[in-house]
K.L.:
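Sharing a structure, written as structure tokens. Questions coming.
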Amino acid sequence: METMGTVEKPGAAEPKRPNAPKRARKAAARSTVVREVLARGYGDAGASYTKKALKGFRADSGHPNEDINENNYTLRQRSRMLYMASPIAAAALKRQRTNVVGNGLRLKSTINREVLGMTPEAAEAWQKRTEAEFALWAERKNACDATGVNDFYGMQQLVMLSWPMSGDCFAVVKHYNTTPLLPYSLRLHIVEADRVRTPTADGGVGILTTTGTAPNGNAIYDGVEVDKNGQIVAYYISNNYPYQNTIVPTKFTRVEAYGPRTGLPNILHIMDSERPDQYRGVPYLAQVMEPLLQMRRYTEAEIMAAVVQSFFTAFIKTEAGADGMPFNEVGGDGVEEVSRDPNEYELGPGTMNVMEPGEDVTFGSPTHPNTGFDTFMRAMCEQVGAALEIPADLLIMAFNSSYSASRAALLEAWKAFRMRREWLTKDFCRPVYELWLTEAVARGRIIAPGFLTDPMIRQAYLQSQWIGPSQGQLDPTKEVQAAVTAIENGLSTHEAEAIRLNGSEYAANVDKLAQENERLRAANGGEQSAAPSLASAIVNLVNFAVDDAMEAYRQGNGGR
């Protein structure tokens, strides 16, 4: 081979390289410089690839579409399976639904009367009229649900369960014909996350391919079409679920996010974001799926071990064959054996197995129930609860801590519940209320001058609160005393405290108390009844009832 003008003979020894040590020193120096550069700042901390604890920590994160959308199908299936098969997972999801929504978030209109130029009396009358009219639509299944399955409050519960379980949820806005008993055309169709996905050219399910391009050139991220500015412009909804057993061909419908003339939403997308440029939600249980699955397996193993050890099973050793021996039965008379395999033995209460010659069975020492099971599971529930923002006490419904500890845990939990309630209100309740009120004003059932023409007046009419279940009280006496003190010192209002303590409305409470006080006054002989006379009023009511019963008895016995 020719090298540097010389000819090297085949098989000749490699010439000596006097500069090799020098090159080695330079390479070592370069390596030292590289290590020094990499060890700067976070390179010597969490970003280090030289520390033993971090050498194997190879993290690879990319675009939210790659990290989230391409894994969402698997996450959804596992989330639903854990909900169906893991008690802790089901508890976590149901705690969200029960505490965020409960029986439903109820509308309380709180219009800005200063902007509208209304007197307090006129504002109160308008609010009561609007709330009653909204109830006409919201409390009837066939008036608000496109499928006729739930009323509006049942749809809230469904959304609050489907959204965390699947990562997000959708409500398609539809309009039906009106009738004399159903004066509103607005209907909502709740759509599960799986049906919103990117269309494929061959009509496939589009699970592995979550990114596509719309005919107009816009990008599609897992069924969400966005323009060049990254704004959502449309959604693609399939008529089938992925891998659904059906002969109906898969078709996609493009639903524009907002109407071109009114600007009102055609579809509502309920989700919470964790990263910029994210267009689909992540299941609530995503970060704790592995520990939840292992906890379920551990629980099942403990249960099975305890059940097996509770069986009293006898094994008969004999030099004769096992054929013809009548003891190899499980279940008693008339029940066939679970297995007739000669290599299988069955365990059960009072079961007797005849073994073949030379066979033997050996059991380990009984160790179940495991005395450390509760401690271990409690520790795991604390870790899972920390990730889900649910204290372990509330997650497993075991309140064994002190008052201070339980109160602190409940307060922390309700921070998260209120936050998710606000998310649900902004993504679902308030947009639905705007859609409904727009139709009510357009049809003349609600009088709201300027609502359809002036954005500021429209916003003033749309102001509302959505009242749901309260967090409850560990010590009602202390809670009520604190509320009274806050009201007396101007730190809160009767209305705010009524909502916080039991989710009621102060105005409704006053009306009800007025009626009750009037009845007590009548029962007390028409005199003004003060609070201390409540006991005497109750005694009078009991006496009236006894007198009526005695009179009826005498009449039934001929006046005797």
Side-chain angles (χ1 to χ4, degrees), residues 79 82-83 87-108 110 152-169 268 270-274 281-288 292 381-399 401 403-433 464-476 478-479 482-483 486 492 495-505:
S79 177
L82 287 171
Y83 172 76
I88 301 299
L93 291 171
K94 289 183 177 180
R95 296 294 176 275
Q96 294 293 327
R97 180 199 62 185
T98 302
N99 290 280
V100 174
V101 174
N103 292 328
L105 304 181
R106 306 280 169 168
L107 168 68
K108 178 170 178 54
T110 56
F152 183 58
Y153 309 107
M155 284 192 284
Q156 293 175 6
Q157 296 171 341
L158 178 61
V159 168
M160 198 56 231
L161 193 58
S162 178
W163 159 31
M165 191 185 305
S166 301
D168 51 15
C169 186
L268 305 178
I270 301 96
M271 64 167 279
D272 57 286
S273 303
E274 60 183 37
V282 180
Y284 178 61
L285 301 177
Q287 292 86 358
V288 294
L292 284 174
C381 285
E382 289 177 353
Q383 291 191 27
V384 170
L388 301 180
E389 296 184 294
I390 303 178
D393 287 355
L394 186 59
L395 182 63
I396 60 178
M397 300 295 282
F399 302 96
S401 304
Y403 170 81
S404 299
S406 297
R407 176 172 169 75
L410 194 61
L411 290 174
E412 287 299 316
W414 268 89
K415 290 180 182 178
F417 293 147
R418 289 193 183 95
M419 177 180 65
R420 290 185 174 85
R421 180 180 294 179
E422 186 63 22
W423 290 347
L424 179 66
T425 299
K426 290 182 177 179
D427 285 354
F428 186 64
C429 296
R430 289 197 178 111
V432 170
Y433 178 54
S464 63
Q465 291 182 351
W466 294 84
I467 301 174
S470 65
Q471 70 179 37
Q473 300 91 39
L474 297 177
D475 190 333
K478 292 181 180 179
E479 299 283 349
S492 185
E495 182 177 349
E497 292 304 322
I499 294 173
R500 186 183 69 83
L501 289 174
N502 54 20
S504 63
E505 294 186 33

K.L.:
Just jot down the side-chain contact (heavy atoms from CB on, under 4.5 Å) partners of Ala405, sequence neighbours excluded, or say none.
P.N.:
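Once residues adjacent in sequence are excluded, the partners of Ala405 under the side-chain contact (heavy atoms from CB on, under 4.5 Å) criterion are Ser401, Ser402.
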
K.L.:
Look up atom OG in Ser470 and atom CZ in Phe417, then write down how far apart they are to the nearest 0.5 Å.
P.N.:
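The CZ atom of Phe417 is 12.5 Å from OG of Ser470, to the nearest 0.5 Å.
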
K.L.:
For the CG atom of Asp272 and the CE atom of Met419, what is their distance to the nearest 0.5 Å?
P.N.:
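That separation rounds to 7.5 Å.
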
K.L.:
Using the ring-ring contact (aromatic ring centres under 6.0 Å, His included) criterion, which residues pair with Phe152? Sequence neighbours excluded.
P.N.:
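Phe152 satisfies ring-ring contact (aromatic ring centres under 6.0 Å, His included) with Phe134, Trp137, Phe428 only.
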
K.L.:
For Ala387, what residues pass the side-chain contact (heavy atoms from CB on, under 4.5 Å) criterion, not counting sequence neighbours?
P.N.:
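So Ala387 forms a side-chain contact (heavy atoms from CB on, under 4.5 Å) with Val288.
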
K.L.:
Any idea which heavy atoms bring Cys169 and Val159 closest together, and the distance?
P.N.:
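Heavy atoms of Cys169 and Val159 come nearest at SG-CG2, 4.3 Å.
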
K.L.:
Please step through side-chain contact (heavy atoms from CB on, under 4.5 Å) for the pair Leu285 and Leu388, ending with a clear verdict.
P.N.:
CA-CA 8 Å; Leu285 301 177; Leu388 301 180; 4.1 Å; yes

K.L.:
What's the spacing between Tyr83 OH and Leu93 CG if we round to 0.5 Å?
P.N.:
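If I round to the nearest 0.5 Å, the distance is 7.0 Å.
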
K.L.:
So how far is it from Leu105 CG to Gln465 CD, rounded to the nearest 0.5 Å?
P.N.:
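The CD atom of Gln465 is 12.0 Å from CG of Leu105, to the nearest 0.5 Å.
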
K.L.:
If you take all heavy atoms of Arg97 and Leu161, which pair is closest and at what distance?
P.N.:
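Closest approach of Arg97 to Leu161, heavy atoms only: NH1-CD2, 4.3 Å.
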
K.L.:
Should Arg421 and Met160 be marked as a side-chain contact (heavy atoms from CB on, under 4.5 Å) after you check the CA-CA gap, both sets of side-chain angles, and the distance that decides it?
P.N.:
CA-CA 9 Å; Arg421 180 180 294 179; Met160 198 56 231; over 6 Å; no

K.L.:
Could you pull out all residues at least two apart from Ala392 that satisfy side-chain contact (heavy atoms from CB on, under 4.5 Å)?
P.N.:
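For Ala392 the side-chain contact (heavy atoms from CB on, under 4.5 Å) partners, ignoring immediate neighbours, are Arg378, Cys381, Glu382.
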
K.L.:
Quick one: does any side-chain atom of Ser79 pair with a main-chain N or O of Met165 as donor and acceptor, under 3.5 Å?
P.N.:
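Pair found, side chain donor or acceptor close to backbone of Met165.
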
K.L.:
Can Trp414 and Asn99 be said to form a side-chain contact (heavy atoms from CB on, under 4.5 Å), step by step?
P.N.:
CA-CA 8 Å; Trp414 268 89; Asn99 290 280; 3.7 Å; yes

K.L.:
Going by side chain to side chain contact (heavy atoms under 4.5 Å, CB included), Gln96 matches just one of Ile390, Val101, Leu424. Which one?
P.N.:
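Going through the options one by one, the only one that passes is Ile390.
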
K.L.:
Looking at Thr98 and Lys94, would you say the former's side chain and the latter's main chain have a donor-acceptor pair under 3.5 Å?
P.N.:
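The answer is yes, because a donor-acceptor pair under 3.5 Å joins these two groups.
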
K.L.:
Could you tell me whether a side-chain N or O of Arg95 sits under 3.5 Å from a main-chain N or O of Leu395, the two making a donor and an acceptor?
P.N.:
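Here the side-chain-to-backbone pair exists.
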
K.L.:
If you take all heavy atoms of Cys429 and Gln156, which pair is closest and at what distance?
P.N.:
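Reported closest heavy-atom pair: SG-NE2, 3.7 Å.
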
K.L.:
For the residue pair Asp393 and Ser406, what are the closest heavy atoms and their distance?
P.N.:
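Of all heavy-atom pairs spanning Asp393 and Ser406, the closest is OD2-OG, 4.4 Å.
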
K.L.:
Before giving the answer on side-chain contact (heavy atoms from CB on, under 4.5 Å), spell out for Leu268 and Asp427 the whole-Å C-alpha distance, their side-chain angles and the decisive distance to 0.1 Å.
P.N.:
CA-CA 7 Å; Leu268 305 178; Asp427 285 354; over 6 Å; no

K.L.:
Measure across Ala409 and Pro391 and return the closest heavy-atom pair with its distance rounded to 0.1 Å.
P.N.:
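Between these two residues, the closest heavy atoms are O-CG, 3.1 Å.
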
K.L.:
Just how far is it from atom NZ of Lys426 to atom CH2 of Trp466, taken to the nearest 0.5 Å?
P.N.:
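CH2 of Trp466 is found 15.0 Å from NZ of Lys426.
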
K.L.:
Under 3.5 Å, side chain of Asp168 to main-chain N/O of Gly281, donor-acceptor pair present?
P.N.:
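Between the backbone of Gly281 and the side chain of Asp168 there is a qualifying donor-acceptor contact (under 3.5 Å).
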
K.L.:
Let me confirm one number: the CD-CD distance from Glu274 to Gln287, rounded to the nearest 0.5 Å.
P.N.:
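Between Glu274 CD and Gln287 CD, I get 6.0 Å after rounding to 0.5 Å.
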
K.L.:
Got a sec, which residues hit salt bridge (Lys or Arg N to Asp or Glu O under 4.0 Å) with Arg420, two or more places apart in sequence or on another chain?
P.N.:
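Checked Arg420 against salt bridge (Lys or Arg N to Asp or Glu O under 4.0 Å); matches are Glu389.
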
K.L.:
Tell me, please, which residues at least two apart from Arg430 pass salt bridge (Lys or Arg N to Asp or Glu O under 4.0 Å).
P.N.:
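Arg430 satisfies salt bridge (Lys or Arg N to Asp or Glu O under 4.0 Å) with Glu422 only.
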
